[in-house]
Number of protein chains: 2
Amino acid sequence: MDMRKLVGRNFARLRREKGLTQEEIAASADISQQYVSGLERGGRNPTVQSLYKIAQALGVSHMELVRPDREDER
Amino acid sequence: MDMRKLVGRNFARLRREKGLTQEEIAASADISQQYVSGLERGGRNPTVQSLYKIAQALGVSHMELVRPDREDER
DNA sequence: TTCATTTACATACTATAGTTGATAAACTCA
DNA sequence: TGAGTTTATCAACTATAGTATGTAAATGAA
């Protein structure tokens, strides 16, 4: 199981659902837009502190970012 | 909210409940005993991949390691 | 189609995650 | 109490998380 990909999928989905841009999340979470892009692509392995900052910026619990999804069953 | 401390508390508690030593977890998760100690003390900021490896070694879902606990209400 | 906005990619860099080796301190149990 | 085991601490090191800058590529709406 690749946590980078799981977090990426959850992140991308939640952000779109909230109708926010990567730039907005980046500013709110105090991380770079380029890093946001990398995370959503499943290409970065964030620390739990970064995870929390992102969840705060999205206005959701950090649990939502690590919750297994359907893709995860495969 | 300090995720390092939350993960540390959950980790230490679960490990004791399972009656496993830090050394055993370290070997199973392929990380160092010294790092395990640091994590449990709340002094390290693990990546989500490391989080998953530890959860596997504990035989629990990674969700258990990031779940808010009572201390977290304060 | 055009244009403004958004996302993805590349590179070089700093900060820190995680390792290793050594060992002190704490703990457990007979 | 003493010995063996477990956990905590320290320092130096390698690997990678996350940054900053620049910009190409993709997207969406008019």
Side-chain angles (χ1 to χ4, degrees), chain A residues 1-67 69 71-72, chain B residues 1-67 69 71-72:
Chain A
M1 209 275 270
D2 193 336
M3 289 295 285
R4 286 164 297 197
K5 286 192 165 60
L6 172 63
V7 168
R9 287 196 300 273
N10 283 333
F11 187 1
R13 191 191 77 244
L14 287 162
R15 180 176 62 78
R16 283 194 210 100
E17 284 175 6
K18 305 274 183 184
L20 300 166
T21 64
Q22 291 185 346
E23 192 61 65
E24 284 169 328
I25 293 293
S28 183
D30 196 33
I31 58 177
S32 70
Q33 176 271 317
Q34 290 84 340
Y35 189 60
V36 170
S37 180
L39 285 168
E40 289 191 0
R41 300 287 99 219
R44 306 298 303 184
N45 179 21
T47 59
V48 291
Q49 290 281 73
S50 292
L51 196 74
Y52 187 75
K53 277 161 67 178
I54 291 157
Q56 291 288 88
L58 285 168
V60 302
S61 159
H62 59 270
M63 299 288 275
E64 296 308 312
L65 287 174
V66 294
R67 191 181 305 286
D69 58 3
E71 296 299 318
D72 212 46
Chain B
M1 206 269 275
D2 194 337
M3 288 296 284
R4 284 163 298 193
K5 286 191 163 62
L6 173 63
V7 169
R9 287 196 301 271
N10 283 333
F11 187 0
R13 193 193 75 244
L14 287 162
R15 181 177 62 78
R16 284 193 211 101
E17 283 174 6
K18 304 274 182 181
L20 299 167
T21 64
Q22 291 186 346
E23 192 63 66
E24 284 168 329
I25 293 293
S28 184
D30 195 35
I31 58 178
S32 70
Q33 177 271 316
Q34 291 86 334
Y35 189 59
V36 171
S37 179
L39 286 168
E40 290 192 0
R41 301 288 98 219
R44 305 299 302 187
N45 180 21
T47 60
V48 292
Q49 290 281 73
S50 292
L51 196 74
Y52 187 76
K53 276 162 66 178
I54 290 157
Q56 291 288 88
L58 284 168
V60 302
S61 159
H62 60 269
M63 299 287 276
E64 296 307 311
L65 287 174
V66 294
R67 192 182 305 288
D69 58 3
E71 294 298 319
D72 212 46

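Reckoned from all heavy atoms, side chains included, excluding hydrogens, waters and symmetry mates. All of these numbers come straight from a predicted model, not from anything done at the bench. Chain identifiers are assigned alphabetically (A, B, ...) following the order of the sequence lines, protein sequences preceding nucleic acid strands; residue numbering begins at 1 within each chain.
Taking the nucleotide of DNA chain C with the nearest heavy atom to each of A:Thr21 and B:Val48, the more 5' of the two is matched to A:Thr21. In this structure, B:Gln22 and B:Thr47 both approach DNA chain D, and ranking their closest nucleotides by distance from the 5' end singles out B:Gln22.
Whole-Å rounding puts the A:Ile25 CD1 to C:dT6 C1' distance at 14 Å. Distance, A:Leu51 CG to D:dA17 P: 14 Å, rounded to whole Å. Per the geometry, CD belonging to B:Glu40 stands 11 Å off C1' belonging to D:dT6, to the nearest Å. Look at CZ on A:Arg16: it is 12 Å from C1' on C:dT6, rounded to the nearest Å. Separating the CE atom of B:Met3 from the P atom of C:dA17 is a distance of 14 Å, rounded to the nearest angstrom. Between the P atom of C:dA26 and the CD atom of B:Glu23 lies a distance of 20 Å, rounded to the nearest Å. Rounding to whole angstrom units, CD1 of residue A:Ile31 and P of C:dA15 are separated by 18 Å. In this structure, CG of A:Leu39 is placed 10 Å from C1' of D:dA17, rounded to the nearest angstrom.
Between A:Arg4 and A:Arg44, the shortest heavy-atom contact is CG-O, 3.0 Å. Contact record, A:Leu65 with A:Asn10: O-ND2, 3.0 Å, taken as the closest heavy-atom pair. Of all the heavy atoms in A:Val7 and A:Pro46, the pair that sits closest is CG1-CG, 4.3 Å. For the pair B:Ala26 and B:Ser32, the tightest heavy-atom approach, listed with the atom from each and the gap, is CB-C, 3.8 Å.
Residues B:Gln22 and B:Gln33 have side chains that bring a donor and an acceptor to within less than 3.5 angstrom of each other.
One finds a side-chain N or O of A:Arg41 lying less than 4.0 angstrom from the OP1 or OP2 phosphate oxygen of C:dA8. For A:Ser37, no side-chain nitrogen or oxygen approaches OP1 or OP2 of C:dT7 to under 4.0 Å. Look at A:Arg44 and you won't find any side-chain N or O under 4.0 angstrom from OP1 or OP2 of D:dT16.
Taking the charged nitrogens against the carboxylate oxygens, A:Glu40 and A:Arg15 do have a contact shorter than 4.0 Å, which makes a salt bridge.
The salt bridge (charged side-chain N to carboxylate O under 4.0 Å, His left out) search around B:Arg67 returns B:Glu64, not counting sequence neighbours.
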Nucleotide by nucleotide, nucleotides 21-30 of chain D touches protein heavy atoms under 4.0 Å in the pattern (B base, S sugar-phosphate only, - none) BB--------

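At the heavy-atom level, B:Arg15 lies under 4.0 Å from the strands shown only through sugar-phosphate atoms.
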